[in-house]
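Here is the structure we will look at, set down as structure tokens.
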Amino acid sequence: MCAAIYAARNGAKVTIIEKNTQLGKKLSMTGNGRCNLTNLDMREEYYNAAARGRMKEWLSTFGVEDVISFFKSLGVVVKSEDGYIYPMSGQASTVVKALENEIDRLGIEVVYSEQLKGIEKATEAWDYVVKTDKGRYEADAVILAVGSLSGAKSTMSTGDGYYICKKLGMTVKDTYPALVGFKCAPEENMPSSGVRITAEVSFVLGKETLASEYGEVQLTSEGISGIPVMQASRDVIRFVAEKKPVYAVIDCFPDYDDKDFEALKADMIRLKDERSLDEFLLGFCNSNITDMVLSRMKLSRSMKMKNISVSMAQCILDNFRALRLKIDDSFGYQASQVTSGGISLGDIGSDFAFKQDPGIFCIGELVDVDGRCGGYNLQWAFTSGSIAGTAASL
Ligand SMILES: Cc1cc2nc3c(=O)[nH]c(=O)nc-3n(C[C@H](O)[C@H](O)[C@H](O)COP(=O)(O)OP(=O)(O)OC[C@H]3O[C@@H](n4cnc5c(N)ncnc54)[C@H](O)[C@@H]3O)c2cc1C
């Protein structure tokens with residue numbers, strides 16, 4: 001939508017071919033329905049390694065302020081929540097509607113419920129023939145903005161762009177669901193009801209720490225999720241997909257350094273008397289986490305503390321500092337917010353044109369660019385969309 005608007009504002013006659021029955025289905029679901037458009041804390045290192053080197057140039061052409069001005073030009077006022085930019089309305093639906101209104105105003109034609117199948121070189125007046133499941137369109141430039149594999153079924157994110165681009169001769173990097181939660185191994189005794197705790201979660205493979213994040217971690221009967229898990233997932237997912245033995249290590253006392261935690265343990269152990277293990281741990285941590293720790297250690301809540309050795313008591317408490325959970329798999333593409341991998345940036349010029357055929361452009365999530373959670377992926381969609389839309393109309 002952004003690319004179409006930029007191309008049309010620049011004088012091009014634009015047609016959007018949309019396979020869904022509506023435009024911006026995924027956009028309407030972003031930010032829990034609030035649409036986190038971008039972030040004032042914008043850095044190249046918040047994107048995947050393959051993209052970082054080129055992000056500076058792209059963000060200096062169309063950065064955070066440009067996104068804000070673009071939406072202002074559509075009548076969407078924004079607000080910052082600790083740097084996270086949302087529409088003032090707090091409704092993603094208003095963002096989609098504002099884009100649709102501009103598309104209407106600019107006379108952009110929108111064809112719904114039609115699926116792009118391929119692009120071929122034309123032989124006559126036009127450069128390209130765009131083939132769909134229902135017909136064919138002639139064009140002198142084509143912008144592929146068909147997204148990825150991530151998102152609920154209703155977003156129709158089925159990764160069509162990958163095979164279309166492969167046929168055109170582009171390299172498609174392996175894809176993985178990213179910004180996603182993880183299933184834990186069945187033996188991990190996950191809590192039957194959901195738990196949210198402020199924690200530091202690290203993902204380890206052997207001795208290597210793959211990622212560490214702090215924030216509200218959610219544990220359910222199936223696995224772990226929440227913002228810190230999703231943020232870390234981008235650095236972890238490849239190893240999980242390769243079935244490597246990855247563990248999540250949850251520190252339920254992230255605000256304690258090692259010395260403070262040792263002191264806390266010593267204070268607790270002074271309470272070792274006639275009381276039961278249940279009473280001993282009552283106020284230590286969330287009771288569902290305690291249940292988990294005790295069932296994993298096969299300990300009965302009714303055990304008397306006086307019958308538990310000091311080293312055993314320390315071991316129990318240490319479990320809250322480093323609760324190790326074996327990761328089985330991710331929750332998959334439909335539960336993910338973004339797909340890592342996609343069209344290789346090596347094939348794409350600075351205006352997002354395919355280097356071998358510069359009338360074809362690739363943008364947004366289709367390309368091998370993914371960012372952290374927090375507005376970075378929509379920023380990328382708007383950055384690449386505006387630059388490609390402008391270039392395609394020249
Ligand atoms: C639940 C959820 C929440 C998110 N929240 C945020 C957030 O708050 N902030 C943020 O920055 N990012 C967020 N994201 C990520 C963000 O939504 C995406 O990165 C962004 O929408 C990608 O834009 P895109 O235009 O490349 O792809 P999409 O938004 O997926 O759009 C692709 C379009 O192409 C159409 N299409 C696909 N194949 C074909 C075909 N063959 N023919 C015709 N049309 C086709 C699709 O129907 C769709 O309309 C979220 C993602 C999800 C799933």
Side-chain angles (χ1 to χ4, degrees), residues 1-5 15-39 42 46-47 64 67 81 84-87 90-92 95-96 99-100 103 110-119 130-135 137 142-165 167 177-181 225 227 230 234 331-340 342-343 352 361-386 388-389:
M1 288 187 277
C2 177
I5 290 171
T15 303
I16 297 179
I17 300 170
E18 168 57 66
K19 80 167 166 179
N20 215 330
T21 50
Q22 62 191 102
L23 288 174
K25 178 66 186 173
K26 182 141 97 181
L27 185 58
S28 71
M29 299 161 98
T30 54
N32 279 329
R34 296 172 63 219
C35 191
N36 181 191
L37 287 165
T38 181
N39 200 303
M42 187 55 60
Y46 291 163
Y47 292 90
V64 177
V67 168
E81 292 179 13
Y84 292 65
I85 301 295
Y86 292 92
Q91 294 166 304
V95 173
V96 177
L99 288 161
E100 284 178 325
I103 283 167
V110 185
V111 179
Y112 293 97
S113 305
E114 204 161 319
Q115 184 181 15
L116 172 71
K117 291 289 195 183
I119 302 164
V130 174
K131 292 196 162 170
T132 72
D133 57 346
K134 294 187 181 150
Y137 298 81
V142 183
I143 301 174
L144 288 164
V146 286
S148 65
L149 284 158
S150 295
K153 237 183 183 162
S154 61
T155 66
M156 298 188 116
S157 300
T158 48
D160 301 0
Y162 305 134
Y163 74 77
I164 293 168
C165 290
K167 270 202 287 186
L179 298 184
V180 69
S225 59
I227 302 281
M230 296 214 300
R234 296 171 57 235
F331 283 126
Y333 283 109
Q334 286 189 19
S336 70
Q337 290 201 358
V338 74
T339 296
S340 78
I343 307 310
F352 300 99
F361 297 77
C362 292
I363 59 169
E365 235 188 275
L366 170 65
V367 177
D368 178 21
V369 176
D370 60 278
R372 281 172 70 83
C373 206
Y376 301 98
N377 291 297
L378 285 178
Q379 172 71 50
W380 167 246
F382 301 133
T383 294
S384 55
S386 62

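We use all heavy atoms of the structure for the numbers below, so side chains are in, but hydrogens, waters and symmetry mates are not. Counting starts at 1 for both ligands and their atoms, following the listed order.
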### Query
About how many Å separate CG of Leu149 and CD of Gln334, when rounded to the nearest 0.5 Å?
10.0 Å
### Task
Applying side-chain hydrogen bond (donor to acceptor under 3.5 Å, both in side chains), name anything that partners Ser28, two or more places apart in sequence or on another chain.
none
### Query
Do you see a donor-acceptor pair shorter than 3.5 Å between the side chains of Gln115 and Asp160?
yes
### Message
Regarding Tyr46 and Gln379, do their side chains bring together a donor and an acceptor under 3.5 Å, going by distance alone?
### Response
no
### Query
Just by distance, with hydrogens left out, do Ser157 and Ser150 show a side-chain donor and acceptor under 3.5 Å apart?
no
### Task
Could you name the protein residues that come within less than 4.0 Å of ligand 1, counting only heavy atoms, and order them by chain and residue number?
Ile17, Glu18, Lys19, Asn20, Lys26, Met29, Thr30, Gly31, Asn36, Glu114, Gln115, Leu116, Ala145, Val146, Gly147, Gly151, Thr155, Asp160, Ser336, Gln337, Gly364, Glu365, Gly375, Tyr376, Asn377, Leu378, Ala381
### Message
With heavy-atom distances below 4.5 Å as the criterion, would you say the side chains of Ile363 and Trp380 are in contact?
### Response
no
